[in-house]
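Before any comments, here is the structure.
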Amino acid sequence: MSTRETLTLGADRFRVGPWHADAAIAYLTLPAEVPKPSAAGLHRCLERLRDEGYTSTITAALHPEEAEAFLQAGFVEHDRLHVLSHDLRDLDPPRPQPDGSVRLVRGRRGDRPAALEVDRRAFPLFWRLDAAGLQDALDATPRRRFRLAVRDGAVVGYAVTGRSGRQAFLQRLAVDPELRGRGVGSALVLDSLRWAARRRVGRVLVNTQTTNERALDLYRRLGFVRTPTDLVVLTRPIT
């Protein structure tokens, strides 16, 4: 497999493809709006991946209920993310203004490479998105918003926000490290919150690594609170 594809194995469906950091590692995700998989389906998926030449696999961030079948199939925890929630019934966070030379604009398909370059600079290798990963973020919900922060004609930040029913998700936020602390991230988050509020969404969820204190501090300052649920990234060798 050179790109992401959907495997349908009985009642189970998986999205699989090479991980951006190592083509020998399969990146395994669950399509949006599908039931949690069975352990038997996961074993069949692993057999397919082995036949394709993969040596191990790593998952997207999974809810604990989704992770149950993976753990039964021999996966182990690789990393953990906190989930934070913002109740939009009381939307009155601080209103920091970005650097005056930065403006927010609509992101288009042709802007994706520039956004991914910001992503590359903003995140360590493990957490970077490739083109397929960005597409997954955009496709994760029925409705989405792709916004760019632009300075002197160059993309310096971006956000992807998705909406499903009365709930929204800040799927991705990245800011050029050279502009951190200038209000760009705050402006993108507030833009996402207000977009969701205009559509009568009840709350917005976001997740970030448990060790990413900069991001956690940003979300807390803007009114997010940590939920009791963490997400997990799991891994397993393929033998």
Side-chain angles (χ1 to χ4, degrees), residues 2-4 15 17-23 27 29 31-32 58 60-61 79 81 84 86 96-164 168-196 198-199 201 204-209 212 214-219 222 224 231 233:
S2 58
T3 58
R4 302 272 176 88
R15 287 277 291 166
W19 187 43
H20 68 88
D22 187 339
Y27 183 66
T29 70
I58 195 159
D79 209 342
L81 300 94
L84 299 97
H86 196 300
Q97 295 298 314
D99 182 314
S101 62
V102 176
R103 59 193 180 91
L104 304 187
V105 301
R106 178 184 177 185
R108 303 180 183 276
R109 181 174 291 273
D111 298 313
R112 295 185 189 184
L116 287 171
E117 176 58 25
V118 172
D119 205 277
R120 184 191 67 79
R121 296 196 298 272
F123 289 96
L125 179 61
F126 181 85
W127 290 107
R128 291 174 193 164
L129 292 185
D130 57 8
L134 179 55
Q135 187 66 57
D136 285 346
L138 291 164
D139 290 343
T141 53
R143 299 288 182 269
R144 67 195 188 195
R145 182 175 178 83
F146 178 32
R147 292 287 275 178
L148 306 177
V150 177
R151 184 189 192 203
D152 297 330
V155 176
V156 296
Y158 80 96
V160 174
T161 314
R163 176 172 65 91
S164 180
F169 307 86
L170 182 53
Q171 303 281 15
R172 192 66 166 178
L173 174 70
V175 175
D176 189 316
E178 293 187 3
L179 271 75
R180 286 175 180 165
R182 300 189 188 182
V184 177
S186 296
L188 285 165
V189 174
L190 290 172
D191 178 86
S192 295
L193 292 174
R194 295 193 173 104
W195 174 77
R198 289 195 298 271
R199 285 151 182 80
V201 167
V204 176
L205 296 175
V206 66
N207 65 69
T208 192
Q209 304 97 288
N212 191 343
R214 179 183 289 273
L216 290 168
D217 180 63
L218 168 66
Y219 296 133
L222 295 178
F224 285 84
L231 303 181
V233 175

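- A pairwise comparison of heavy atoms in L104 and A187 identifies CD1-O, 3.7 Å as the closest pair.
- To the nearest 0.5 Å, atom CG of residue D119 and atom CG of residue L173 are 10.0 Å apart.
- The minimum heavy-atom distance between A174 and A122, with the atom names listed, is CB-CB, 4.1 Å.
- Salt-bridge formation is detected for the pair R121/D176: a Lys NZ or Arg NE/NH1/NH2 atom is positioned less than 4.0 Å from an Asp or Glu carboxylate oxygen.
- Heavy-atom minimum distance, L170 versus S192: CD1-OG, 3.7 Å.
- Put simply, the side chain of H20 gets close to the backbone of L125: a donor and an acceptor are under 3.5 Å apart.
- Under the 4.5 Å side-chain criterion, counting only non-hydrogen atoms from C-beta, V189 is not in contact with H86.
- Between the R172 side chain and the L138 main chain, no donor and acceptor come within less than 3.5 Å of each other.
- Between the side chain of R15 and the backbone N or O of P31, no donor-acceptor pair lies under 3.5 Å.
- Contact check for D111 versus V105: no side-chain heavy atoms found under the 4.5 Å cut-off.
- Nearest heavy atoms, S164 versus T141: CB-CG2, 4.3 Å.
- At most 12 non-hydrogen atoms from other residues, nucleotides or ligands lie less than 6.0 angstrom from CZ of R143.
- A donor-acceptor pair is defined here as one N or O able to donate and one able to accept, closer than 3.5 Å; no such pair exists between the side chain of N207 and the backbone of L81.
- Closest of all the heavy-atom pairs between Q171 and G162 is CG-N, 4.1 Å.
- A 6.0 Å sphere centred on CZ of R106 holds no more than 12 heavy atoms belonging to other residues, nucleotides or ligands.
- Here CZ of R214 is found 13.0 Å from CD of Q209. Values are rounded to the nearest 0.5 Å.
- Rounding to the nearest 0.5 Å places CZ of R145 at 6.5 Å from CZ of R199.
- Partner of R112 under the side-chain contact (heavy atoms from CB on, under 4.5 Å) criterion, chosen from L129, L134, V155: L134.
- Rounding to the nearest 0.5 angstrom, the gap separating the CG atom in L218 from the OG atom in S186 is 4.5 Å.
- In this structure the side chain of F224 reaches within 4.5 angstrom of the side chain of L193, judged on heavy atoms.
- Contact annotation: the side chain of R182 never approaches that of V102 to less than 4.5 Å [non-hydrogen atoms, C-beta and beyond].
- Note: R128 CZ to E117 CD = 9.0 Å, rounded to the nearest 0.5 Å.
- Side chains of R144 and D139 form a contact here, defined as non-hydrogen atoms less than 4.5 Å apart.
- For the pair V160 and A137, the tightest heavy-atom approach, listed with the atom from each and the gap, is CG1-O, 3.9 Å.
- The OH atom of Y27 lies 7.0 Å from the CG atom of D136; values are rounded to the nearest 0.5 Å.
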| message | One pair to check against side chain to side chain contact (heavy atoms under 4.5 Å, CB included): V233 and W127. What are the steps and the verdict? | response | CA-CA 11 Å; V233 175; W127 290 107; 3.8 Å; yes
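- The closest side-chain heavy-atom distance from R4 to D130 is below 4.5 Å.
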